[in-house]
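This structure is a prediction, so every number in the text was calculated from the model and none was measured.
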Amino acid sequence: MNHAIKNFEEYERIYNKSISDPESFWAEVAEGFHWRKKWDKVLEWDFTKPEVKWFINGKLNITENCLDRHLEKRGNQTAIIWEPNDPKEQAKHITYKELYGKVCQAANMLKRLGVKKGDRVCIYLPMIPELAYAMMACARIGAVHSVVFAGFSARSLIDRITDAGCKIVLTADGGYRGAKTIDLKGIMDEALQQCSEVEKVVVVDHVHSNPEIKQGRDLWWHDEISKVNEECEAEEMDAEDLLYILYTSGSTGRPKGMVHTIGGYMVYTDYTFRTTFQYQEGQVYWCTADIGWVTGHSYIIYGPLSAGATTVMFEGVPSWPDWGRFWQVIERHRINILYTAPTAIRALAKAPLHFVEAYDLSSLKVLGSVGEPINEEAWHWYNKNIGKGNCPIVDTYWQTETGGVMLSPIAGITKTKPGFATFPLPGVQPVIMNDGGLEVKGNKVEGRLAIQFPWPAMARTIYGDHKRFKDTYFSTFPGKYFTGDGSKRDEEGYYRITGRVDDIIIVSGHNLGTAEVESAIDEHVEVCETAVVGYPHDVKGQGIYAFVICYEKPKEEEKLRKEIIDTVSKIIGPIAKPDKIQFVSGLPKTRSGKIMRRILRKIAEGDTSNLGDVTTLLDPTVVDEIKEGAL
Ligand code: 7RM
């Protein structure tokens, strides 16, 4: 399978074919994989239900595609380069053959612990090789992984473990993040007090913190794997069986467990990986995301490994021991493709340039960006200082729900424009919709971004709540998938994502629902009601601005702010900590009781000159008070 594209005309030709005859297009792509049994039919779909099935009755195992089929040709090639947190420690080079053995061994361990096809397994691990082994071990035996980002709190863990009904949890004693050590086992223990259904906890001894071990429940990873061998027959799975559940924030209510199935997801992540980056055999590729997010699932693990690439897993952070860490990793492993987030780029751009200049970045060929709109300044900095003006930047737009990249330049082929995700990848059919629910055709238009035809990696449902899946994504524009994002199409047909049009804010590339943060703040005993909005933040992209009403006027505001921040950190995790907290006596509400976030957003942005119509408010005077106290 070679997805090299010669020029833009060829992209257009492939794209046109992919939409005029999607089934034969995807069948051709899917031919390149190892199927135990081929599909009977490529696609069945109905967006009104919604129901989507790809490669119907196809039988396979994704790990046979990511591991077994590579053994003959590249068994001794490095599959994963693991770069530890501490630059003084040695990186690990794990070959395809070794990875195969480790995954099989972990799979046998799970089997021995009673895990069966269809069971859900919670994985709460730092960025260490065992995380990769654990995910693929689940896939090998047909279990469904639910990876929870190791920065999430005990409360977030409880919600996720309970929602997915996990009986087994894989974790570590701790994780390193720069100079800090995170007590993962402690957080897990706290969560498990509320999750009585969890029977076994397997713990990787990573930071050697000698944690408390609960007899009968907790087991050491190294003990368990020593009892089993490195050969494990892969379970034969249906293309539409579950591969994983991954939680993402919603604009209201609890996080949604997005469900991804095996066949379509595999075909799509592999295809988009090769196509977007124009990956070439033998290249070393580094995606800096944490595997706890979808970017890591699709483009550290499944896509690159299916494609037979060498993928880098980095345990550390960009700022430790100093701001040269990323560039050191690139030099050390001669990385060819770098895929990171605008928030990281902005933070790195703030550091003195000598941190970049100290390293040889000449191995780089392609740069990627993901997670939020990339501002022009960051784009130019990335292009000039990292790409040395020589590396195409692919601004990839996609979502947890889409499973893989939807809009992106094709590296070296598509003429890029800073801030534009440019064009749909083959097989993707975007449409821009107006507020009246009609498609706006032609160029130089703006509206909401929807997708009118299925693609193989799309989420199939929300775990345990298909109605919510339909309501959230398929009801705004009946018959279409609604992304929740605004988009422009310029005079040349280039797409630019303008940001969320719902109550989701993107902080350092991570989705957070305003409702989720509000309910966390409300847990503080002194807090009566809260409204949270995003505001432009020069590193995080969006910062969190909270307007908080207390039962009594706070006496010590600073102390209370700190307590509120701690509360949020405990309930959701440090990523959700508000940047600004303004204490107010009331919120701008309509007569029907709806908070007018539009007004709060303007105030948070520091733009109070024109707040628009406030006459529909129940009490317009609160607006003046909030304006005066704005931070
Ligand atoms: C992969 C990922 C999804 C949301 C999405 C957008 C925003 C992502 C871009 C972007 C502008 C981009 N999954 N987003 N990529 N906005 N340009 N290239 O991030 O589920 O965590 O987030 O992120 O708003 O809806 S996610």
Side-chain angles (χ1 to χ4, degrees), residues 1-3 14-15 17-47 49-70 117-118 135-136 138-145 234-246 258-275 294 297-299 301-308 398 401-406 424-429 451-461 466 469 481:
M1 276 182 299
N2 181 5
H3 295 294
I14 295 172
Y15 182 77
K17 178 183 177 231
S18 79
I19 60 168
S20 62
D21 189 357
E23 295 194 30
S24 68
F25 172 79
W26 286 114
E28 224 172 88
V29 175
E31 291 287 349
F33 294 79
H34 174 67
W35 298 84
R36 293 264 189 108
K37 178 188 161 291
K38 229 180 116 169
W39 56 91
D40 299 331
K41 197 172 171 211
V42 177
L43 171 66
E44 268 175 20
W45 69 291
D46 178 351
F47 272 1
K49 284 186 176 166
E51 188 179 85
V52 174
K53 291 181 183 163
W54 283 91
F55 309 113
I56 293 139
N57 290 327
K59 306 288 175 200
L60 77 163
N61 187 293
I62 195 168
T63 68
E64 285 188 332
N65 285 276
C66 292
L67 303 168
D68 310 43
R69 72 167 164 149
H70 297 315
K117 182 171 175 172
M135 291 164 75
M136 286 185 280
C138 290
R140 187 101 185 148
I141 64 170
V144 178
H145 57 71
E235 188 77 30
E236 184 168 293
M237 304 298 288
D238 187 88
E240 283 299 332
D241 279 337
L242 271 61
L243 175 61
Y244 68 79
I245 302 170
L246 182 61
M258 303 314 306
V259 170
H260 284 289
T261 58
I262 300 166
Y265 179 83
M266 171 187 77
V267 169
Y268 195 79
T269 53
D270 176 305
Y271 177 75
T272 51
F273 168 73
R274 291 170 189 268
T275 303
V294 74
H297 280 60
S298 300
Y299 297 113
I301 302 295
Y302 292 112
L305 292 176
S306 173
W398 60 292
E401 295 85 340
T402 69
V405 175
M406 301 297 278
L425 291 189
V428 175
Q429 301 190 29
I451 315 287
Q452 61 173 351
F453 194 86
W455 62 100
M458 65 187 292
R460 302 298 195 256
T461 191
H466 196 66
F469 185 61
Y481 168 82

Begin with the C-alpha distance, continue with both residues' side-chain angles, and end with the deciding distance and a verdict on side-chain contact (heavy atoms from CB on, under 4.5 Å) for Val29 and Tyr268.
CA-CA 9 Å; Val29 175; Tyr268 195 79; over 6 Å; no
Check the pair Phe25, Val42 against side-chain contact (heavy atoms from CB on, under 4.5 Å), reporting the backbone distance first and the verdict last.
CA-CA 10 Å; Phe25 172 79; Val42 177; over 6 Å; no
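- With sequence neighbours excluded, the residues forming a side chain to side chain contact (heavy atoms under 4.5 Å, CB included) with Asp241 are Lys117, Met237, Asp238, Ile262, listed by chain and number.
- In this structure, His297 has no side chain to side chain donor-acceptor pair (under 3.5 Å) partners at least two apart in sequence or on a different chain.
- Residues Pro426 and Tyr271 are in side-chain contact: their nearest non-hydrogen atoms beyond the backbone lie under 4.5 Å apart.
- In this structure, Ile19 and Pro22 approach most closely via the heavy-atom pair O-CD, 3.6 Å.
- Atoms OG1 and CG, from Thr261 and Leu242 in turn, are 7.0 Å apart once rounded to the nearest 0.5 Å.
- Among residues two or more places apart in sequence or in another chain, the ring pair (Phe, Tyr, Trp, His ring centres under 6.0 Å) test is passed with Phe47 by Trp45, Phe474.
- Formation of a donor-acceptor pair under 3.5 Å by the Arg140 side chain with backbone atoms of Met136 is not found in this model.
- Residues satisfying the side chain to side chain contact (heavy atoms under 4.5 Å, CB included) test with Ala459, not counting sequence neighbours, are Met258, His260, Phe469.
- Taking both residues in full, the closest heavy atoms of Trp455 and Thr402 are given as NE1-O, 2.9 Å, listed atom of the first, atom of the second, then distance.
- A donor-acceptor pair under 3.5 Å is absent between the side-chain atoms of His34 and the main chain of Asn61, judged by distance alone.
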Would you please test Tyr481 and Val52 for side-chain contact (heavy atoms from CB on, under 4.5 Å) and show each step?
CA-CA 12 Å; Tyr481 168 82; Val52 174; over 6 Å; no
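- Under the side chain to side chain contact (heavy atoms under 4.5 Å, CB included) criterion, Ala239 pairs with Trp35, Phe55, Leu60, sequence neighbours left out.
- Partners of Thr269 by side chain to side chain contact (heavy atoms under 4.5 Å, CB included), not counting sequence neighbours, listed by chain and number: Tyr265, Ser298, Tyr302.
- When all heavy atoms of Ala30 and Trp39 are compared, the pair lying nearest together is CB-CH2, 3.5 Å.
- Partners of Lys49 under the salt bridge (charged side-chain N to carboxylate O under 4.0 Å, His left out) rule, at least two apart in sequence or in another chain, do not exist in this structure.
- Under the rule for a side chain to side chain donor-acceptor pair (under 3.5 Å), Ser18 has no partner lying at least two apart in sequence or in another chain.
- Taking Tyr299 as the reference, Trp398 meet the ring pair (Phe, Tyr, Trp, His ring centres under 6.0 Å) condition, with sequence neighbours excluded.
- With rounding to the nearest 0.5 angstrom, the CE atom of Met406 is 4.0 Å from the CD1 atom of Ile451.
- Minimum heavy-atom separation, His145 to Cys138: CB-SG, 3.9 Å.
- Applying the salt bridge (charged side-chain N to carboxylate O under 4.0 Å, His left out) criterion to Glu51, with sequence neighbours excluded, gives no partner residue.
- For the pair Phe33/Arg69, a side-chain contact is recorded, criterion being any heavy-atom separation below 4.5 Å from C-beta on.
- Remark: of the listed residues Lys53, Lys41, Arg460, Arg460 is the sole one forming a salt bridge (Lys or Arg N to Asp or Glu O under 4.0 Å) with Glu240.
- Residue Val259 comes nearest to Ile245 through the heavy atom pair CG2-CG1, 4.5 Å, listed as atom of the first residue, atom of the second, then distance.
- Residues meeting the side chain to side chain donor-acceptor pair (under 3.5 Å) test with Glu235, sequence neighbours left out: none.
- Checked against side chain to side chain donor-acceptor pair (under 3.5 Å), Lys38 has the following partners two or more places apart in sequence or in another chain: Glu31.
- The side-chain heavy atoms of Pro456 and Met266, taken from C-beta on, include no pair separated by under 4.5 Å.
- Residue Val144 comes nearest to Gly118 through the heavy atom pair CG2-O, 4.0 Å, listed as atom of the first residue, atom of the second, then distance.
- Under 4.0 Å is where a charged nitrogen must lie from a carboxylate oxygen, and between Arg274 and Asp270 at least one such pair does.
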